[in-house]
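In what follows, a single structure is set out as C-alpha cells and then discussed.
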Amino acid sequence: MLQTAVYPGTFDPLTRGHLDIIQRACRTFGRVIVVVANNSAKAPTFSVAERIRMIKASITHLPNAEVDTFSGLLVDFLKSKQSRILIRGLRAVSDMDYEFQMAAINRRLCNDMETVFLMPDERHTYLSSSIVKDICRRGAPMDSFVTPSVARMLTRKFGRKKKG
Ligand code: COA
C-alpha cells in the first residue's frame, strides 16, 4: 500500500536541513506531502505562495514528494489526505521538549496518528530558518545552507548580492 506521510513546517525559508528530511522521508514512504503552515504565529518573511514556490523548485528530483498548505489543526489535514504518519525532524536533544509536546498533543487529538522522527545529516544539525536569514542579510554565500532557488529568493528579499 502506498503510505502517505505529511511533513509540516513553517519553512521560512526551506533549508538544506529540511530538504534532507524530505529526501529521507521519500526513501521511506510512498508519498510525502510537504505542508506549509498558513497559521504560524511567527510572522513569516515569505508568503505562503513564495514558500510553496521555493519548495516546489527544490524537490523536482523527488517524484513522490508534493507541496500543499494548511491552516487549522494539523491532524485534520492528515485526515483529509488519509494519512496517519506525521514526519518531524530532530536536529538535537534541544528539539526534544517542543517535539515531544507537539507529538503528545497531536496523539491526544487523534490517537490513530503516529509522529515519526527523522534525523538530518550532522552537517545540518545547527541549521534553522532564522540563522539562514541572518547569514543572508550579512551577505555570506548561501549555497551550503539552501538550494539555488531559495538563495535567489532570499537575495531578492533582502536585496543583497552573494559574496564568493
Ligand atoms: N533543518 C533546518 N531547520 C529546521 C529543521 C531542519 N531539519 N527542523 C526544524 N528546523 C527549524 C526551522 O527552520 C525553524 O527555525 P526558525 O524558528 O528559525 O524559523 C524551527 O526549527 C522550527 O520550525 P518548524 O519545524 O517549521 O516548526 P514550526 O514550529 O515552525 O511549525 C507547526 C510547527 C506549524 C507544524 C505546528 O505549529 C502546527 O502543527 N501547527 C498547526 C496547529 C496545530 O495543529 N496545533 C496542534 C499541534 S501543536
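Quick caveat: nothing in here was measured; it's all calculated off a predicted structure. Atoms within a ligand are numbered from 1 in the order they appear, just like the ligands themselves.
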Min N/O separation [X] to ligand 1 under 3.5 Å:
{"X": "L74", "result": "yes"}
{"X": "R91", "result": "yes"}
{"X": "N106", "result": "no"}

- Note on the structure: T10 heavy atoms within 4.0 Å reach ligand 1 at atoms 26 (O), 28 (P), 30 (O), 31 (O)
- For G72, the ligand 1 atoms with a heavy-atom partner under 4.0 Å come out as 41 (C), 42 (C)
- Task: Taking the side chain as every heavy atom from C-beta outward, state whether I87 and F29 have any atom pair closer than 4.5 Å.
- Result: yes
- Message: Within the 4.5 Å heavy-atom criterion, are T4 and I85 side-chain neighbours or not?
- Response: no
[X] to ligand 1, any heavy atom closer than 4.0 Å:
{"X": "K133", "answer": "no"}
{"X": "D12", "answer": "no"}
{"X": "G89", "answer": "no"}
{"X": "R16", "answer": "no"}

- Before giving the answer on side-chain hydrogen bond (donor to acceptor under 3.5 Å, both in side chains), spell out for K157 and T45 the whole-Å C-alpha distance, their side-chain angles and the decisive distance to 0.1 Å. CA-CA 8 Å; K157 189 68 79 177; T45 304; over 6 Å; no
- Query: Among R24, K42, M119, R88, whose heavy atom sits nearest atom 23 (O) of ligand 1?
  - Reply: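 Considering heavy atoms of R24, K42, M119, R88, the nearest to atom 23 (O) of ligand 1 sits in K42.
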- Task: Evaluate the side-chain contact (heavy atoms from CB on, under 4.5 Å) criterion for residues Y7 and H18: first the C-alpha distance (whole Å), next the side-chain angles of each, then the deciding distance (0.1 Å), finally the verdict.
- Result: CA-CA 9 Å; Y7 179 40; H18 292 127; 3.3 Å; yes
Under 3.5 Å, sequence neighbours excluded: what are the donor-acceptor pairs made by side chains of residues 68-80?
from, atom 1, to, atom 2, distance (Å)
D68, OD2, K81, NZ, 3.2
T69, OG1, V36, O, 2.9
S80, OG, F77, O, 2.7

- Task: Return yes when atom CE of M119 has more than 12 non-hydrogen atoms of other residues, nucleotides or ligands closer than 6.0 Å, and no otherwise.
- Result: no
- Task: State whether the number of non-hydrogen atoms from other residues, nucleotides or ligands found under 6.0 Å of R107 atom CZ is greater than 12.
- Result: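 Count not over threshold, so no.
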Taking heavy atoms and a distance under 4.0 Å, where does [X] meet ligand 1: side chain, backbone, both or neither?
{"X": "I21", "answer": "side chain"}
{"X": "H124", "answer": "neither"}
{"X": "T15", "answer": "side chain"}
{"X": "A37", "answer": "side chain"}

- Message: Tell me which pairs pass ring-ring contact (aromatic ring centres under 6.0 Å, His included) where either residue lies in residues 135-154, with sequence neighbours left out.
- Response: none
- Message: If you compare all heavy atoms of L14 against all heavy atoms of V150, which two are closest, and at what distance to 0.1 Å?
- Response: O-CG1, 3.5 Å
